[in-house]
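Take a look at the structure set out below.
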Amino acid sequence: MKYIAVTGGVVSGLGKGVTISSMGRMLQASGVKVTAIKIDPYLNVDAGTMSPFEHGEVFVLADGGESDLDLGNYERFLGITLTSDHNITTGKVYRKVILAERKGDYLGKTVQVVPHITDCIQDWIERVAQIPVDPSGQVAEVCLIEVGGTVGDIESSVFLEALRQFQFRVGFENFCLCFVSLVPVLSDEQKTKPTQHGVRDLRSLGLSPQVIFCRSTEPLLDATKQKISLFCHVPASNVLSVHDVSNVYFVPSLLKSQNLHMILQEELQFGRSLIPGLTSWTVMAKSIETATQEVTIALIGKYNGLQDSYLSVIKALRHASIACHVRLNLEWVEASSLESDTAEGHAEAWDKVKAAQGVIIPGGFGSRGWEGKIIAANYCRENKVPLLGVCLGFQAIVVEYCRNVLFWEKADSTEFDENTAHPVVIFMPEIDKETMGGTMRLGARNTKFTHKYEDGSMSTAQVLYGGKEIISERHRHRYEVNPEKVEAVHSNGLLLVGRDESGERMEIAELPRAVHPFYIGCQFHPEFLSRPLAPSPPFHGLILAAAGQLDDYLKKNMK
Ligand code: GLN
């Protein structure tokens, strides 16, 4: 196993994840199997209890792990399936060591950060690197390790010390350290000082980077590369320019154009030539540039202050737009602004919804904006505007239908009104009310398509899923549509076309094609499985409908 560890300096949010994913993509394009580990130096065991406002979205893994959103970037870019163990946090490492200490595993010893915590980190990395992450079931050849945070943080120092020791454990020929830095431009001059300081911090910890990736707005000048080379103890050829490009899918070829494959071939002694073939990826990146038709989608959210809160949703919309060859124009709408005419930004919010060709109501927790989501669902249903509701958005679709079509005026979710006369969305019986971390219905579960139209044709959702009878998607919820109300909703026209394998839990609802062009809700989160070249079916459906391409698509694909 060869390891490429990537640390970052100067500031966070540099695009370390994109740089690493692109490096992985480039290696895969050279026939190298890769896996990825993300290290998060915080004390939370996982990201499940962290606010999306503070930390961006919680990415849900197939095994139900609630992880940092970078694991989503790896899965999307590299087409791999990671496990919760691929996200190492300080909380997880300390928990493991402390539990072992209580069991008596270290009997007689003083348990210390060095060597016990650092050994635990190294063992963890070695073990997880061996887990197969693609359908071939084979172990990867290269493991990418991203160290979150920036060099110099107190939190990350124990992980950097573990990596310093790790070089000796696995051999220097199997370990390559990279550093992602920022090169700001001031008065037209590319400034190298922040990079110099970052590398100096790293070297004071006994680590010396072999490759430096410089994030900048413009391509790095040769003189800048020379200067960084001189001060940071790396050859100028190993200082790479990762300047802004029009879309992130160009980054793998940007790295290839600066011979990163040859640098890694040498640093990691591959013993064979790496020749990246990135054609399909580059064709896709170029097709994004040539799309002319614009499609406007309104996202009715509540964590709009930080766009990373909806990262996978946005990616899924983008992947679907690539497949439809349209340019996505995303409008952010605060759900609570739609509620009453005295709400802040009310008129603007409605202008955006009315101008959109499609609407998405994503998942969420808590009551703020809930009524706004229901109002948006109502608007889309009555005005035949394509709508996709995900998780809480799906629950809003069902509550809206019960209130306004079944005339159960007070219909609600017990998440927001515990004593409602019409509890149409209820707390799932198996969920723990006391412990919040890792106790939701989480991860990959199957959904069976259970509905055919009178003429025998499949539901729109099933056609979008390629006519499969059973699909697997990822979940993250505590509430569900009340099984006792399902038949009433279904027989009154909001069709429940997909259910869980017990047949009781409702997974997908849609309005008949004869009634509405596209109105679908799903309890699961399809966004987590969307890939640049394989868009998530419900998102694909939304963009097809918004772009006026859905009828043709259905005609072609309906069996
Ligand atoms: N709050 C809702 C539930 O727990 C929806 C969750 C979500 O959208 N992820 O069921």
Side-chain angles (χ1 to χ4, degrees), residues 46-53 55-62 64-67 69 72 299-304 306 308-314 316 335-336 359-374 376-377 387-400 402 411-418 420 423-445 447 473-483 485-486 499-500 504-509 520-530 536 538-539:
D46 62 35
T49 54
M50 288 163 118
S51 159
F53 252 143
H55 202 72
E57 92 179 352
V58 175
F59 188 80
V60 180
L61 297 161
E66 297 173 279
S67 79
L69 52 79
L299 185 150
I300 317 292
K302 67 180 283 192
Y303 311 113
N304 295 5
L306 181 66
D308 270 359
S309 308
Y310 296 111
L311 187 68
S312 293
V313 168
I314 300 168
S336 53
V359 171
I360 168 125
I361 310 180
F365 296 83
S367 60
R368 187 171 57 83
W370 168 238
E371 290 299 327
K373 291 179 180 182
I374 295 173
L387 171 72
L388 175 62
V390 169
C391 206
L392 187 64
F394 158 74
Q395 296 171 359
I397 283 178
V398 175
V399 169
E400 189 282 319
C402 292
D412 215 328
S413 163
T414 56
E415 182 175 0
F416 310 115
D417 179 1
E418 257 190 273
T420 166
V424 291
V425 176
I426 57 167
F427 197 78
M428 283 183 283
E430 67 268 39
I431 302 298
D432 187 333
K433 277 205 172 178
E434 309 299 324
T435 309
M436 298 306 267
T439 57
M440 286 188 251
R441 181 169 179 250
L442 287 164
R445 314 277 171 132
T447 292
E473 290 278 12
R474 298 183 187 171
H475 294 71
R476 183 172 188 250
H477 63 125
R478 289 193 177 87
Y479 293 79
E480 64 169 333
V481 174
N482 187 345
K485 312 281 180 191
V486 166
R499 302 177 190 223
D500 77 335
E504 277 182 18
R505 187 155 282 151
M506 192 171 146
E507 293 280 5
I508 311 174
I520 290 188
C522 42
Q523 183 60 75
F524 49 77
H525 289 265
E527 64 269 24
F528 294 133
L529 286 183
S530 185
S536 159
F539 283 86

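Just so you know, these numbers come straight off a predicted model, no measurement behind them. Values below: all heavy atoms of this structure, side chains included; hydrogens, waters and symmetry mates excluded. Both ligands and their constituent atoms are indexed starting at 1 by order of listing. For the single chain, residues carry numbers from 1 onward in sequence order.
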(Q) Are any of the N/O atoms on H525, whether in the backbone or the side chain, positioned under 3.5 angstrom from an N/O atom of ligand 1? (A) yes
re atom 8 (O) of ligand 1, the protein heavy-atom contact at minimum distance is G364 N, 2.8 Å
re atom 10 (O) of ligand 1, the protein heavy-atom contact at minimum distance is Y479 N, 2.8 Å
Quick check: L392 and ligand 1, any N/O pair under 3.5 Å apart? yes
Mind checking whether M428 has a heavy atom under 4.0 Å from ligand 1?
no
So the atoms of ligand 1 within less than 4.0 Å of a heavy atom of E415 turn out to be 1 (N), 2 (C), 3 (C)
Please examine the side chains of V60 and H525, heavy atoms only from C-beta on, and report whether any two atoms are closer than 4.5 Å. no
Fill in: Check: F59 and L311 side chains under 4.5 Å, non-hydrogen atoms
no
Within the 4.0 Å heavy-atom cut-off, what Q395 brings close to ligand 1 is side chain
* Asked: Could you go step by step and tell me if E507 and R441 meet the salt bridge (charged side-chain N to carboxylate O under 4.0 Å, His left out) rule?
  -> CA-CA 13 Å; E507 293 280 5; R441 181 169 179 250; 3.1 Å; yes
closest protein heavy atom to atom 9 (N) of ligand 1 is R476 O, 2.9 Å
The protein heavy atom nearest to atom 7 (C) of ligand 1 is C391 SG, 2.9 Å
Counting from 1 in the order shown, the ligand 1 atoms closer than 4.0 Å to a non-hydrogen atom of G363 are 8 (O)
Q. With no hydrogens and no angle check, is any side-chain donor or acceptor of K302 less than 3.5 Å from a backbone partner on F365?
A. yes
- Query: Does an N or O anywhere in V390 fall below 3.5 Å from an N or O of ligand 1?
  - Reply: no
Practice problem: Taking the side chain as every heavy atom from C-beta outward, state whether Q523 and D500 have any pair of such atoms under 4.5 Å apart. | Solution: no
Side-chain contact, heavy-atom cut-off 4.5 Å: E415 with R478? no
So for R478 against ligand 1, with non-hydrogen atoms under 4.0 Å, the contacting part is both
